There are 2 protein chains.
Amino acid sequence: MAELRETILRTSLELFEQKGFHGVTVNQIVAASNTSKGGFYHHFQSKDELLFVIHDTFITYVLKEAKAANEIHRSPIKKIQSIIKAFVKVFDLYKPHISVFYQESNYLKPEYEEQIKRKRDAFKQMVFQVIEEGQETGDFRKELPMEITGMAILGMVNWIYKWYSRDGKYTIDEIADVYVDIILHAVLTTNSVHEENLQSQMLERPFFTNEK
Amino acid sequence: MAELRETILRTSLELFEQKGFHGVTVNQIVAASNTSKGGFYHHFQSKDELLFVIHDTFITYVLKEAKAANEIHRSPIKKIQSIIKAFVKVFDLYKPHISVFYQESNYLKPEYEEQIKRKRDAFKQMVFQVIEEGQETGDFRKELPMEITGMAILGMVNWIYKWYSRDGKYTIDEIADVYVDIILHAVLTTNSVHEENLQSQMLERPFFTNEK
DNA sequence: ATTTAGAGACCGACTGGTTGGTCTGTATTG
DNA sequence: CAATACAGACCAACCAGTCGGTCTCTAAAT
């Protein structure tokens with residue numbers, strides 16, 4: 001028998017994704033989860049805690065992935081490839097979480113908000129860091145301001161939650177490969193634009209995933 | 001003396017930007033606008049209408065800009081430069097509108113939602129269209145799937161609302177130039193990568209704006 | 001010039017319905 | 001027999017929207 005807590009999380013996520021956090025009442029969640037007010041408040045302190053838990057699971061996962069990708073490789077090129085691939089793939093696993101997150105993150109209670117913000121910033125800094133490294137090694141074009149480039153990359157990937165669907169025309173791996181290709185073409189110096197850094201990527205099977 | 005309607009729009013926009021549509025009550029809007037419930041409902045049918053008006057002004061503007069940019073130029077390279085520059089600059093003019101839009105668009109009443117959706121789709125199709133043209137003329141790399149590339153561009157730019165600030169390190173024009181540079185490097189074929197299409201852009205003053 | 005009539009702008013107490021959360025009670029488990 | 005897990009009636013707060021009424025300004029009537 002499934003734990004009620006998990007059932008509530010799963011069910012509410014679906015509702016939130018369609019109607020948004022404010023568009024769903026506790027009573028609706030309770031009905032859809034086949035339980036009662038009592039059941040709900042036995043497992044959660046408040047409706048806000050639900051929102052926090054959803055945010056936190058996804059953020060924690062992304063951060064963990066990025067750290068791993070960052071540690072496995074040495075060269076900035078490989079690093080950014082890994083991070084982006086992992087990052088893009090997260091949208092396949094956690095799309096509902098992410099949708100809710102980006103639509104309601106500014107309703108989080110301050111106590112919760114701070115925790116989330118810290119993890120998000122850590123991730124952002126990793127991306128900035130890699131760009132800086134790449135510019136120092138001469139692999140990435142120095143004329144691109146790091147912050148703007150970083151935000152361009154983050155935006156491009158984050159936006160995926162708005163349009164990606166598992167039944168869509170392209171798989172998440174195809175999308176990830178195209179994104180890596182676009183970003184590398186954008187940031188690599190002409191010296192670094194070689195077959196082994198680019199085209200190969202579009203054919204090769206994922207070189208870094210979490211599936212075993 | 002300022003029209004009350006305009007005052008309400010301006011004031012509520014500020015509140016919405018910080019707290020979100022659902023985080024602000026009509027009473028708060030009324031208080032911040034130095035008016036009353038009666039004054040509010042004399043000018044607006046409902047709170048939802050406010051949301052619609054905010055969405056519509058910004059969407060209408062973006063679409064108009066893109067159409068103009070599209071008609072002025074012939075070559076896909078120039079077209080995409082124009083569209084992106086205009087698109088990026090919109091975030092300087094309408095950042096509060098856009099913030100509200102992306103955080104609460106799924107709470108729009110169906111009647112309102114349809115109108116907005118139509119205009120958004122029209123804009124998206126224009127971007128897709130230009131990419132396709134560029135691939136046909138041989139200016140853009142054919143190996144990039146149009147839809148993915150288009151969404152990458154849209155995401156990259158749309159995300160600006162999350163981080164751009166007028167007092168930030170970079171002006172909107174600098175950001176626009178970098179974005180154009182990034183996107184052109186990403187999509188142009190090696191044949192088309194010439195000085196006149198790229199670097200020049202980073203120095204040149206805006207070649208297409210609405211200011212006279 | 002003065003009065004009158006009416007329309008549009010605006011006020012604010014009030015309401016009907018909704019919502020997150022509580023509390024007492026019951027079943028189930030170890 | 002605890003202790004945990006859940007049920008569901010209930011409540012206080014809140015909030016969008018209403019409605020009767022006032023104030024102001026214009027324009028026609030006298």
Side-chain angles (χ1 to χ4, degrees), chain A residues 1-56 100-101 103-113 116, chain B residues 1-56 100-101 103-113 116:
Chain A
M1 146 200 54
E3 273 299 318
L4 180 54
R5 189 185 156 93
E6 295 306 315
T7 309
I8 292 175
L9 273 173
R10 215 171 349 97
T11 312
S12 66
L13 204 48
E14 285 175 28
L15 295 176
F16 289 157
E17 192 183 10
Q18 289 173 24
K19 305 233 202 178
F21 184 72
H22 290 278
V24 181
T25 68
V26 175
N27 276 322
Q28 287 173 301
I29 294 170
V30 154
S33 308
N34 267 76
T35 180
S36 62
K37 275 281 183 72
F40 180 91
Y41 282 98
H42 180 73
H43 290 284
F44 296 94
Q45 288 196 15
S46 65
K47 196 187 172 191
D48 290 277
E49 195 192 329
L50 243 187
L51 193 56
F52 169 73
V53 172
I54 290 171
H55 284 32
D56 193 62
V100 174
F101 175 76
Q103 273 162 36
E104 327 270 351
S105 55
N106 51 346
Y107 291 110
L108 268 179
K109 294 268 168 64
E111 348 140 24
Y112 293 138
E113 189 182 341
I116 298 291
Chain B
M1 147 200 49
E3 273 298 318
L4 179 55
R5 188 185 157 93
E6 295 306 315
T7 309
I8 292 176
L9 271 172
R10 216 173 346 97
T11 313
S12 66
L13 205 48
E14 285 175 27
L15 295 176
F16 289 156
E17 192 183 10
Q18 289 173 23
K19 305 232 200 180
F21 184 72
H22 290 278
V24 181
T25 67
V26 174
N27 276 322
Q28 287 173 300
I29 295 170
V30 154
S33 308
N34 269 77
T35 180
S36 63
K37 274 278 182 73
F40 180 90
Y41 283 98
H42 180 72
H43 289 284
F44 296 94
Q45 288 197 13
S46 64
K47 197 185 172 192
D48 290 277
E49 194 192 330
L50 242 188
L51 193 56
F52 169 74
V53 172
I54 291 170
H55 285 34
D56 193 60
V100 174
F101 175 75
Q103 272 161 36
E104 327 270 353
S105 55
N106 51 345
Y107 292 110
L108 269 179
K109 294 268 168 64
E111 348 140 23
Y112 292 139
E113 190 182 340
I116 298 290

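The figures that follow rest on heavy atoms only: side chains count, while hydrogens, waters and symmetry mates do not. Here is the naming used below: chain letters follow the sequence lines, and residue numbers restart at 1 for every chain. Since the model is a prediction, treat every value here as computed from it, not as a measurement.
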Count the heavy atoms of every other residue, nucleotide or ligand shown that sit under 6.0 Å from CD of A:Gln45, and state whether that count exceeds 12. no
Which of the following nucleotides, C:dC10, C:dG21, C:dG12, is nearest to the side chain of B:Lys37? C:dG12
Return the value, rounded to whole Å, for the distance between atom CD1 of B:Ile29 and atom C1' of D:dC15. 12 Å
Between B:His43 and C:dC10, is there a contact of a side-chain N or O with OP1 or OP2 at under 4.0 Å? yes
Interatomic distance, B:Phe44 CZ vs C:dC10 P [rounded to whole Å]: 12 Å
B:Asn27 CG to D:dG17 C1', in whole Å, measures 11 Å
Does any non-hydrogen side-chain atom of A:Ile54 lie less than 4.5 Å from one of A:Glu104? no
Starting at CD1 of A:Ile8 and ending at C1' of D:dC6, how long is that distance when rounded to a whole Å? 10 Å
Counting side-chain heavy atoms from C-beta on, which of C:dG8, D:dT4, D:dG17 comes nearest to B:His42? C:dG8
Rounded to whole angstrom units, what separation is found between the CZ atom of B:Phe21 and the P atom of D:dC15? 13 Å
Toward the 5' end of DNA chain C, which comes first, B:Phe40 or A:Tyr41, by nearest nucleotide? B:Phe40
Interatomic distance where CG belongs to B:Leu51 and C1' belongs to D:dA16 [whole Å]: 15 Å
What is the distance, rounded to the nearest whole Å, between atom CZ of B:Arg5 and atom P of C:dG8? 17 Å
So what does B:Lys47 hit on the nucleic acid, given a heavy-atom distance under 4.0 Å: a base, only sugar-phosphate, or nothing? sugar-phosphate
Give a yes/no answer on whether the side chain of A:Thr35 brings an N or O atom under 4.0 Å of OP1 or OP2 in D:dA7. yes
Is A:Glu113 close to A:Asn106 at the side-chain level, that is, under 4.5 Å between some pair of heavy atoms? no
Nucleotide D:dT4, atom P - distance to CD of A:Glu3 in whole Å: 14 Å
Of the listed C:dG12, D:dC15, D:dC6, the closest approach to the B:Ser36 side chain comes from C:dG12
Determine whether B:Leu51 and B:Tyr112 satisfy the following criterion, side-chain contact (heavy atoms from CB on, under 4.5 Å), listing intermediate values before the conclusion. CA-CA 9 Å; B:Leu51 193 56; B:Tyr112 292 139; over 6 Å; no
Quick check on ring pair (Phe, Tyr, Trp, His ring centres under 6.0 Å): which of A:Phe101, A:Tyr107, A:Phe21 does A:Phe16 satisfy it with? A:Phe21
